[in-house]
Amino acid sequence: MGLRINDTVPNFTAETDHGTIQFHDWIGDSWAILFSHPKDFTPVCTTEFGAVAQLAEEWEKRGTKVIGVSVDGVEDHKKWKGDIEKVGGAKAGFPIIADDGLEVSKAFDMLPAEAYLPDGRTPADSATVRSVFIIGPDKQLKLSMTYPMTVGRNFAEVLRALDGLQTSMGKGVATPANWNPGEDVIIPVTVSDEDAKAKFGEFTTVLPYLRTTKDPS
């Protein structure tokens, strides 16, 4: 059965280029983003890791730890980081999990249980290890998205989604399509007009079930 929203994410012990981690302990009281890749030294993935490195200050502002996972070993990860930093123009200070045994990829349902890495493998053998998981401090999955190998992930969208999650969970609101921080938010239908006025002040009724108010954050 696949990992679903609000499921507690798998806990595991793994080697990274920063040493051994126990995943839930590593998350601690932070938000966390785990982003996976099918192989080191691949062009699209290198640009993506570079993009994550460029956003280091943004992750920190949001109390969020980021960690990569790739189906290669620690030594490859250490060498790959030189390329990542060259492409991204920023230090890649986050750890990368060495998932050469596929334990993490299988635990997060990115590969079937019977999957293995053949000799002389190519990225196509682990092509589905291309997901992003946003995890709350409660260790529950809040959002996931999966891309094919040929389409680079938009980490500005990952950041926007993280902002939406932190705003909605922290303030008891929802966010509309294409929302960005500072824009109006949606008042949940479970909140009465009277309670909405007490909690949010002025609001706009667009439809009986669609009420908007200023971003409370």
Side-chain angles (χ1 to χ4, degrees), residues 1-10 23-24 27-37 44 47-48 51-69 94 107-110 128-217:
M1 183 177 292
L3 191 63
R4 297 192 175 109
I5 300 298
N6 295 329
D7 281 351
T8 298
V9 299
F23 192 51
H24 284 195
I27 294 172
D29 296 326
S30 302
W31 285 74
I33 297 177
L34 185 150
F35 52 102
S36 66
H37 300 263
V44 174
T47 65
E48 291 173 332
V52 172
Q54 292 166 1
L55 291 169
E57 291 184 3
E58 300 301 325
W59 307 128
E60 186 174 359
K61 285 178 189 175
R62 291 157 177 82
T64 300
K65 297 178 179 179
V66 295
I67 189 167
V69 56
F94 50 84
F108 278 78
D109 200 42
M110 293 182 283
T128 54
V129 186
R130 288 274 301 154
S131 297
V132 177
F133 302 90
I134 302 181
I135 301 158
D138 56 5
K139 316 300 185 294
Q140 292 181 356
L141 178 65
K142 304 303 179 185
L143 180 150
S144 64
M145 55 184 84
T146 301
Y147 284 69
M149 288 196 300
T150 54
V151 179
R153 283 170 277 195
N154 185 335
F155 280 92
E157 166 58 15
V158 175
L159 192 68
R160 189 199 74 88
L162 176 64
D163 283 332
L165 286 165
Q166 292 186 340
T167 297
S168 61
M169 293 180 62
K171 304 296 181 179
V173 295
T175 60
N178 303 322
W179 176 88
N180 284 293
E183 297 176 352
D184 286 357
V185 296
I186 293 172
I187 299 170
V189 294
T190 53
V191 179
S192 69
D193 284 351
E194 182 180 359
D195 289 343
K197 189 167 184 62
K199 184 174 182 179
F200 303 108
E202 296 300 317
F203 62 86
T204 300
T205 301
V206 181
L207 295 166
Y209 55 86
L210 175 55
R211 297 164 298 168
T212 61
T213 189
K214 292 188 180 301
D215 183 350
S217 58

Legend entry - Flag side-chain contact, heavy atom, 4.5 Å: Phe203 against Lys197: yes
Inset, instruction - State, with a plain yes or no, whether a side-chain heavy atom of Ile186 is found less than 4.5 Å away from one of Trp179. - result: no
Legend entry - Interatomic spacing from CZ in Phe23 to CD1 in Ile67 - rounded to 0.5 Å: 6.0 Å
Inset, instruction - Can you see which heavy atom on Glu48 is nearest to which on His37, and at what distance? - result: OE1-CE1, 3.1 Å
Inset, instruction - State which residue, out of Ser168, Pro181, Ser217, fulfils the side chain to side chain contact (heavy atoms under 4.5 Å, CB included) condition with Asp163. - result: Pro181
Inset, instruction - Please report the closest heavy-atom contact between Tyr147 and Asn154, naming both atoms and the distance. - result: OH-N, 4.0 Å
Inset, instruction - May I ask you to decide if Glu60's main-chain N or O and Lys65's side chain share a donor-acceptor pair within less than 3.5 Å? - result: no
Inset, instruction - Dump the intermediate steps for side chain to side chain contact (heavy atoms under 4.5 Å, CB included) on Lys214 and Phe200, then the final yes or no. - result: CA-CA 8 Å; Lys214 292 188 180 301; Phe200 303 108; over 6 Å; no
Inset, instruction - Check whether any side-chain heavy atom of Pro216 lies under 4.5 Å from a side-chain heavy atom of Val185, and answer yes or no. - result: yes
Inset, instruction - Side-chain contact test, heavy atoms from C-beta onward, threshold under 4.5 Å: evaluate it for Gln166 versus Thr64 and give yes or no. - result: yes
Inset, instruction - With side chain to side chain contact (heavy atoms under 4.5 Å, CB included) as the test, would you mind laying out the steps for Phe155 and Gln54 before giving the verdict? - result: CA-CA 10 Å; Phe155 280 92; Gln54 292 166 1; over 6 Å; no
Legend entry - Straight-line distance of Asp7 CG to Ile135 CD1, nearest 0.5 Å: 11.5 Å
Legend entry - Nearest-0.5 Å distance that lies between atom CD in Glu202 and atom OG1 in Thr212: 11.5 Å
Legend entry - Side chain to side chain, Met149 and Val44, heavy atoms closer than 4.5 Å: no
Inset, instruction - Please tell me if the side chains of Ser131 and Phe35 come closer than 4.5 Å, counting only heavy atoms from C-beta onward. - result: no
Inset, instruction - Supply the atom-to-atom distance Ile33 CD1 to Phe94 CZ, rounded to the nearest 0.5 angstrom. - result: 11.5 Å
Legend entry - Distance-minimising heavy-atom pair for Pro148 and Arg130: O-NH2, 3.1 Å
Legend entry - Full working for salt bridge (charged side-chain N to carboxylate O under 4.0 Å, His left out) between Lys171 and Asp215: CA-CA 9 Å; Lys171 304 296 181 179; Asp215 183 350; over 6 Å; no
Legend entry - Salt bridge present between Glu58 and Arg62 (N-O < 4.0 angstrom): yes
Inset, instruction - Please check if the side chain of Arg211 supplies one atom and the backbone of Val191 the other of a donor-acceptor pair under 3.5 Å. - result: yes
Inset, instruction - Drop me the distance from Asn180's CG to Thr175's OG1, to the nearest 0.5 angstrom. - result: 9.5 Å
Legend entry - Closest approach of Pro10 to Ala107 (non-hydrogen atoms, all atoms of both residues): CG-O, 3.4 Å
Inset, instruction - Flag the pair His24 / Thr8 as yes when at least one side-chain heavy-atom distance between them is below 4.5 Å, and no otherwise. - result: yes
Inset, instruction - May I ask you to test the Arg153-Val158 pair for a side-chain heavy-atom distance under 4.5 Å? - result: no
Inset, instruction - Report the residues that fulfil ring pair (Phe, Tyr, Trp, His ring centres under 6.0 Å) with Phe133, sequence neighbours left out, ordered by chain and then residue number. - result: Phe108
Inset, instruction - Can you see which heavy atom on Ile27 is nearest to which on Gly136, and at what distance? - result: CG2-O, 4.4 Å
Legend entry - From CG (Asp109) to CG (Leu3), nearest 0.5 Å: 7.5 Å
Inset, instruction - Could you go through the side chain to side chain contact (heavy atoms under 4.5 Å, CB included) check for Asn178 and Glu183 one step at a time? - result: CA-CA 10 Å; Asn178 303 322; Glu183 297 176 352; over 6 Å; no
